[in-house]
Amino acid sequence: MYTDREFRHYQELYNPDPVVQRLCQMRFYEDDAEELENQVAELEDEVGLLQSVNEDLECQVHDLEDEVRVLKEKIAVWTTMESQ
């Protein structure tokens, strides 16, 4: 028993019918399925990595906002002390 790919290859080699030849030359989803699945897996891995990078950056932003708030409070204290 042939797989679909083997059957198409056999027909392409031995069946001279132009319609069969044309069908054999068409690309089918099965031919590209493995490649597409690999690309999807790679993209999912990349998405996971980018999500973790995004979370790290959000933490950094939060830390920097806290630091800015503390510095503004210190500036306000120094401004108050300077004006007295």
Side-chain angles (χ1 to χ4, degrees):
M1 192 82 187
Y2 292 124
T3 65
D4 290 342
R5 182 179 283 180
E6 291 170 338
F7 181 73
R8 282 196 315 266
H9 181 68
Y10 177 82
Q11 291 298 321
E12 186 177 15
L13 292 176
Y14 299 109
N15 192 334
D17 186 337
V19 174
V20 171
Q21 290 297 310
R22 178 70 186 237
L23 288 171
C24 290
Q25 293 173 7
M26 292 178 62
R27 291 184 55 135
F28 292 92
Y29 174 74
E30 291 174 359
D31 296 342
D32 297 329
E34 186 176 335
E35 181 181 335
L36 292 173
E37 289 172 358
N38 290 339
Q39 287 177 351
V40 167
E42 288 175 11
L43 290 173
E44 287 173 344
D45 291 343
E46 189 175 338
V47 165
L49 176 65
L50 290 174
Q51 284 176 336
S52 67
V53 168
N54 185 42
E55 290 171 3
D56 291 344
L57 290 174
E58 286 176 352
C59 289
Q60 287 180 0
V61 166
H62 181 68
D63 293 344
L64 290 172
E65 287 173 343
D66 288 344
E67 195 173 322
V68 166
R69 182 184 47 77
V70 168
L71 290 173
K72 283 183 178 180
E73 290 173 0
K74 288 181 179 181
I75 290 171
V77 168
W78 281 103
T79 303
T80 303
M81 291 176 68
E82 221 175 51
S83 63
Q84 292 179 357

Distance from L43 atom CG to N38 atom CG, nearest 0.5 Å? 11.0 Å

Measuring from Q51:CD to E58:CD, what's the distance to the nearest 0.5 Å? 10.5 Å

Can you list, pair by pair, the side-chain donor-acceptor contacts under 3.5 Å of residues 11-26, counting residues two or more places apart and other chains?
residue : atom : partner : partner atom : Å
Q11     : OE1  : N15     : ND2          : 2.9
N15     : OD1  : D17     : N            : 3.1
D17     : OD1  : V19     : N            : 3.0
Q21     : NE2  : Q11     : O            : 3.4
Q21     : NE2  : E12     : O            : 3.0
Q21     : NE2  : N15     : O            : 2.4

Neighbour count >12 (heavy atoms, 6.0 Å) for atom CD, E73: yes

Parallel, tilted or perpendicular: ring planes of F7 versus Y2, cut at 30 and 60 degrees: tilted

Rounded at 0.5 Å granularity, tell me how far CD in E46 sits from CD in E42. 9.0 Å

Approximate separation, where rounding is to 0.5 Å, of L57 CG and S52 OG: 9.5 Å

Quick one: does E67's side chain get under 4.5 Å of D63's, heavy atoms only? no

Pairwise distance OG1(T80) to CD1(I75) - rounded to 0.5 angstrom: 11.5 Å

